[in-house]
Amino acid sequence: MQDSGEPDQNSSSPSSVPERVLVVGASSGIGASLVRQLAQEGCQVAALARREDRLAELAEGAPPGSVHVYPHDVMDAGDVPALLERIVEDLGGLDTLCYVAGVMPMVGPQEYDHDQDRTMVRVNLLGGMAWCAEVARLFLSERRGTIVGVSSVAGERGRRMNPAYHASKAGFTTYLESLRNRLEGHGVRVVTILPGMVSTDMTAGIDKLVWPITPEQAAKTMISTWRGSFWSTRYMPLRWCLVMRVIREIPSRIFRHLNI
Ligand SMILES: NC(=O)c1ccc[n+]([C@@H]2O[C@H](COP(=O)([O-])OP(=O)(O)OC[C@H]3O[C@@H](n4cnc5c(N)ncnc54)[C@H](OP(=O)(O)O)[C@@H]3O)[C@@H](O)[C@H]2O)c1
């Protein structure tokens, strides 16, 4: 299912104006680190999430005028076209979309809660599709731009832990690959980010994290990935690429007995 990082011909050429980046899911963790790093570099950043107070704090801590705050719930997909138009006007254009928003509630071994599952799909997958499609239309008209989606290694196998999370991430990874194939040759680049484990609010309840990285490391890797031209799919850290290659090959009848 994955392309493992072949050289990518669709990289958008760097320009002399500061990069204008839209981060969806900017109020904490990886998204907040992205906003901080980009703003420090002099980029113009649109920061979106539900928690307005967190976004306001980010803007206050950043160089004046660099962070534009837009409270938004990605489950309100109907708001996306008008909001994107407003952001493009405020930033004077757009170079990069980063869809980072995600939820992963802890699910008990005997828990089957459709409302909770539906929220995961709406935030992790449908919200990403709504933003990526709207931005794809814009970038296609300009024959330029970069779309970055944060999916997860969790999308590569259906572990027993949290079926809806795995399914939503599998869906988002596939959606991004399809979008990349569709936009190939039109000047628009699509980058898939596959983190392993990152120490954020999302993983705060997990006892032992495997090869954890900080949100700052994750953001730094993401930025260098989309600015470079090599990776179209980037595991973070890279060793997850090899690990997942092995895990993908484990037959289902064995995989279901493994506690991984
Ligand atoms: N942490 C990990 O180990 C890990 C591993 C693999 C992949 N990922 C992925 O990385 C991404 C970022 O996660 P994180 O670790 O940085 O977790 P986090 O700190 O919990 O951040 C999640 C972000 O998503 C936003 N969000 C959630 N629901 C939203 C909604 N309905 N509307 C708008 N924004 C919403 C949150 O903002 P508000 O709550 O303010 O709306 C927050 O800014 C997620 O897609 C996650 O699945 C994380």
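All ligand and atom numbering here is 1-based and tracks the order in the structure.
Each of Leu242 and Ile250 belongs to its own hydrophobic cluster when Ile, Leu, Val, Met, Phe, Trp and Tyr are linked at side-chain heavy-atom distances under 4.5 angstrom. Tracing side-chain contacts under 4.5 Å through hydrophobic residues (I, L, V, M, F, W, Y), one never reaches Phe255 starting from Val246; they form parts of separate clusters. Hydrophobic clustering, with ILVMFWY side chains joined whenever heavy atoms are under 4.5 angstrom apart, groups Val243 together with Ile254.
The closest non-hydrogen atom to atom 30 (C) of ligand 1, taken over Glu52, Arg50, Met120, comes from Arg50. When the options Leu194, Val150, Thr119 are ranked by their closest heavy atom to atom 9 (C) of ligand 1, first place goes to Val150.
Counting only heavy atoms from C-beta outward, the side chains of Cys98 and Val150 never approach each other to under 4.5 Å. Looking only at side-chain heavy atoms (C-beta outward), Asp95 and Thr146 stay at 4.5 Å or farther from each other.
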Cut-off 3.5 Å, no hydrogens considered: what does the side-chain donor-acceptor table look like for residues 52-70, sequence neighbours left out?
from, atom 1, to, atom 2, distance (Å)
Ser66, OG, Pro63, O, 2.6
His68, NE2, Gln44, OE1, 2.7
His68, NE2, Gly65, O, 3.4
Tyr70, OH, Asp90, OD2, 2.7

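At the top of the distance list for atom 26 (N) of ligand 1, counting protein heavy atoms only, stands Ala101 CB, 4.0 Å. Of the protein's heavy atoms, Met202 CE, 3.9 Å lies nearest to atom 13 (O) of ligand 1. With respect to atom 37 (O) of ligand 1, the closest heavy atom belonging to the protein is Ser27 OG, 2.8 Å. Closest to atom 14 (P) of ligand 1 among all protein heavy atoms lies Thr200 OG1, 3.5 Å. If you check which protein heavy atom lies closest to atom 19 (O) of ligand 1, you get Ser28 OG, 2.8 Å.
Note: no N/O pair closer than 3.5 Å links Ser152 and ligand 1 by distance alone. When only interatomic distances are considered, the shortest N/O to N/O separation between Val123 and ligand 1 does not fall below 3.5 Å. Remark: ligand 1 and Val74 share an N or O pair separated by less than 3.5 Å (distance only, no angle test). Looking at ligand 1, you'll find an N or O of Gly102 within less than 3.5 Å of one of its N or O atoms. At a 3.5 angstrom cut-off on N or O pairs, Ile30 counts as close to ligand 1. By the 3.5 Å distance cut-off applied to N or O atoms, Thr203 is not counted among the residues near ligand 1. Looking at ligand 1, you'll find an N or O of Gly25 within less than 3.5 Å of one of its N or O atoms.
Surrounding CZ of Arg157 are more than 12 heavy atoms belonging to other residues, nucleotides or ligands, all under 6.0 Å away. Under a cut-off of 6.0 angstrom, the local environment of CD in Gln116 is crowded, with over 12 non-hydrogen atoms contributed by other residues, nucleotides or ligands.
A donor-acceptor pair under 3.5 Å is absent between the side-chain atoms of His166 and the main chain of Gly155, judged by distance alone. Remark: side-chain polar atoms of Asn162 are paired, donor with acceptor, to backbone N or O of Pro105 under 3.5 angstrom. Judged by distance alone, with hydrogens and angles left aside, the side-chain atoms of Gln40 form no donor-acceptor pair with the main-chain N or O of Gln37 at under 3.5 Å.
Taking every non-hydrogen atom of Asp73 and a distance limit under 4.0 Å, the qualifying atoms of ligand 1 come out as 30 (C), 31 (N), 32 (N). For ligand 1 and Arg51, the ligand atoms under 4.0 Å from any heavy atom of the residue are 36 (C), 37 (O), 38 (P), 39 (O), 40 (O), 42 (C). Counting the atoms of ligand 1 from 1 in the order shown, those under 4.0 Å from a heavy atom of Gly29 are 16 (O), 19 (O). Within ligand 1, counting atoms from 1 as listed, the ones closer than 4.0 Å to a heavy atom of Met197 are 3 (O). Those atoms of ligand 1 with a heavy atom of Gly196 less than 4.0 angstrom away are 3 (O), 5 (C), 6 (C).
For the ligand labelled ligand 1, residue Ser151 lies inside the 4.0 Å heavy-atom shell. Between Arg54 and ligand 1 there is no heavy-atom distance shorter than 4.0 Å. At least one heavy atom of His72 sits less than 4.0 Å from an atom of ligand 1. Contact analysis leaves Pro215 out of contact with ligand 1, as no non-hydrogen atom separation drops below 4.0 angstrom. Ligand 1 has Tyr165 within reach: a non-hydrogen atom of the residue lies less than 4.0 Å from it. Within the 4.0 Å heavy-atom shell around ligand 1 one does not find Ala218.
For the atom pair CG of Asp113 and CZ of Arg118, the computed distance is 10.0 Å after rounding to the nearest 0.5 Å. Note that OG of Ser151 is 6.5 Å distant from CG of Leu176, once rounded to the nearest 0.5 Å.
Evaluation of the side-chain contact (heavy atoms from CB on, under 4.5 Å) rule for Met197 yields Leu209, Val210 as partners, not counting sequence neighbours.
Residue Val100 touches ligand 1 through backbone and side chain together, judged by heavy-atom distances below 4.0 Å. At a 4.0 Å heavy-atom cut-off, ligand 1 touches Ala26 through the backbone alone. Using a 4.0 Å cut-off between heavy atoms, Val103 contacts ligand 1 through its side chain alone, with no backbone atom that close. Using a 4.0 Å cut-off between heavy atoms, Val198 contacts ligand 1 through both its backbone and its side chain. Within the 4.0 Å heavy-atom criterion, the part of Lys169 lying near ligand 1 is the side chain and not the backbone.
Between Trp211 and Trp240, the ring centre distance stays below 6.0 Å.
Ion pairing between Arg227 and Glu41 holds under the 4.0 Å rule for side-chain N and carboxylate O. Salt bridge present: Arg137 and Glu134 bring a charged side-chain N and a carboxylate O closer than 4.0 Å.
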